[in-house]
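Take a look at the structure below.
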Amino acid sequence: QAMALLQQQENAMSDAEKTVLVAQAAESGHANAQYMYAQFLRYGTGVEKNLEQSLFWLKHAADQQYEDAQFELAMLLPLDDEQHLILLDAAAQQGNVQAMLCMAIHEQRQSNMPKALYWLNLAKDQQIPHAYYLLAQLYRHGHGVAQCSVQTVDFLTQAADLGHVDAYFELFQAYKDGNGVRKDKQVALKYLQLARDHQHIEAASIEFKIS
């Protein structure tokens with residue numbers, strides 16, 4: 001029944017009609033519908049905004065191990081709330097990549113580098129650019145791994161290939177200075193231009209020319 005209602009809402013003529021169908025699917029116990037309805041209530045899509053009811057449906061979806069609901073609920077809770085980390089870990093275990101990155105940062109702050117690396121490598125395996133970027137920082141500074149400028153550049157390159165703006169800028173610096181890679185002004189300029197094209201603030205202020 002819930003699936004039928006969700007299929008109907010895809011062809012709904014208005015936001016209000018769509019919201020009614022999603023609400024019915026949510027009430028029947030469908031986790032995805034509960035999450036969707038929570039979003040509609042939060043942002044006032046087809047229904048009057050109601051943050052209390054939004055939280056109610058978000059909790060229902062999270063209780064059914066719906067990872068996006070677990071992650072969002074964790075983000076809405078104070079950091080010192082006992083459920084914050086539990087929900088974040090659960091979402092990461094379920095495959096939410098944003099939760100994986102948050103757990104990696106948390107574990108790093110707790111000086112639990114093996115677990116931080118575990119989460120970053122899981123996110124990296126899903127081709128998440130920021131996971132490559134954060135791994136590059138660990139190898140740059142030798143946090144939990146042997147310091148290695150070559151490995152830093154390798155991870156920055158993979159992050160850049162996936163469109164990470166800060167990786168563009170750091171690769172410009174690496175190729176300009178020959179840090180972890182042979183100096184190459186042409187390649188440095190390429191990455192600087194990519195950073196500029198993506199509105200990297202520091203890159204925009206740099207004058208760099210090839211003589």
Side-chain angles (χ1 to χ4, degrees), residues 31-32 35 61-62 64-77 79 83-184 186-203:
N32 184 30
Y35 177 73
Q64 294 198 68
Q65 309 304 307
Y66 194 77
E67 64 268 22
D68 289 344
Q70 291 172 323
F71 174 73
E72 189 164 326
L73 190 56
M75 293 296 97
L76 291 172
L77 292 172
L79 293 178
Q83 286 297 308
H84 171 76
L85 200 58
I86 293 172
L87 286 164
L88 204 58
D89 182 71
Q93 296 284 358
Q94 294 274 35
N96 184 290
V97 292
Q98 291 175 294
M100 290 177 189
L101 294 176
C102 288
M103 286 301 299
I105 293 168
H106 166 76
E107 296 295 356
Q108 185 176 353
R109 288 173 177 168
Q110 299 299 312
S111 299
N112 188 348
M113 296 311 300
K115 201 61 186 277
L117 286 164
Y118 166 78
W119 288 120
L120 286 178
N121 281 305
L122 277 184
K124 171 181 70 69
D125 291 344
Q126 295 195 46
Q127 298 296 291
I128 305 303
H130 199 54
Y132 285 105
Y133 180 78
L134 291 177
L135 282 166
Q137 305 314 306
L138 296 185
Y139 279 92
R140 179 194 303 279
H141 302 291
H143 292 162
V145 292
Q147 191 173 23
C148 180
S149 58
V150 174
Q151 186 65 71
T152 297
V153 170
D154 182 57
F155 278 129
L156 285 175
T157 302
Q158 293 179 79
D161 288 345
L162 293 167
H164 198 286
V165 179
D166 287 330
Y168 292 149
F169 185 71
E170 291 190 19
L171 283 170
F172 154 68
Q173 294 175 312
Y175 278 97
K176 176 177 68 73
D177 300 330
N179 189 8
V181 69
R182 185 189 298 272
K183 280 188 181 182
D184 190 322
Q186 288 281 3
V187 177
L189 183 59
K190 179 189 80 169
Y191 281 116
L192 179 61
Q193 192 57 54
L194 281 168
R196 287 170 177 164
D197 291 345
H198 289 82
Q199 287 77 53
H200 189 283
I201 295 174
E202 195 172 350

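Values below: every heavy atom of this structure, side chains too, minus hydrogens, waters and symmetry copies.
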In terms of the angle between their ring planes, are Tyr168 and His198 parallel, tilted or perpendicular, with boundaries placed at 30° and 60°? tilted

All N/O donor-acceptor pairs, side-chain side in residues 113-130, below 3.5 Å, sequence neighbours left out:
unit_1: Asn121; atom_1: ND2; unit_2: Leu117; atom_2: O; d: 2.9
unit_1: Gln127; atom_1: NE2; unit_2: Tyr132; atom_2: OH; d: 2.9
unit_1: His130; atom_1: ND1; unit_2: His164; atom_2: NE2; d: 2.9

Would a distance-only check, ignoring hydrogens and angles, find a side-chain to backbone donor-acceptor pair under 3.5 Å from His200 to Val165? no

Which pair of heavy atoms, one from Ala167 and one from Ala160, lies closest together, and at what distance? CB-N, 3.8 Å

Nearest heavy-atom pair of Tyr191 and Phe172: which atoms, and what distance? CB-N, 3.7 Å

Quick one: side chains of residues 90-108, donor-acceptor pairs under 3.5 Å with protein atoms, not counting sequence neighbours, listed by atom name and distance.
unit_1: Gln94; atom_1: NE2; unit_2: Gln65; atom_2: O; d: 3.0
unit_1: Asn96; atom_1: OD1; unit_2: Gln98; atom_2: N; d: 3.1
unit_1: Asn96; atom_1: OD1; unit_2: Ala99; atom_2: N; d: 2.9
unit_1: Asn96; atom_1: ND2; unit_2: Asp68; atom_2: OD1; d: 3.0
unit_1: Glu107; atom_1: OE1; unit_2: Asn112; atom_2: ND2; d: 3.4

Assess, by modelled atom type and distance only, whether the side chains of Gln158 and Asp161 contain a donor and an acceptor separated by less than 3.5 Å. no

Enumerate donor-acceptor pairs with a distance under 3.5 Å from any side-chain N or O in residues 174-184 to protein atoms, sequence neighbours excluded.
unit_1: Asp184; atom_1: OD1; unit_2: Gln186; atom_2: N; d: 3.1
unit_1: Asp184; atom_1: OD1; unit_2: Val187; atom_2: N; d: 3.1

Output all residues satisfying side chain to side chain donor-acceptor pair (under 3.5 Å) with Gln173, sequence neighbours left out; order by chain, then residue number. none

Taking the six-membered ring for Trp, is the centroid-to-centroid distance between Tyr133 and Phe155 below 6.0 Å? no

Output every pair passing salt bridge (charged side-chain N to carboxylate O under 4.0 Å, His left out) with a member in residues 87-101, not counting sequence neighbours, ordered by first then second residue. none

State which residues pass salt bridge (Lys or Arg N to Asp or Glu O under 4.0 Å) with Arg140; sequence neighbours excluded, sorted by chain then number. Glu170

Any donor-acceptor pair under 3.5 Å from Gln199 side chain to Asp197 backbone: yes

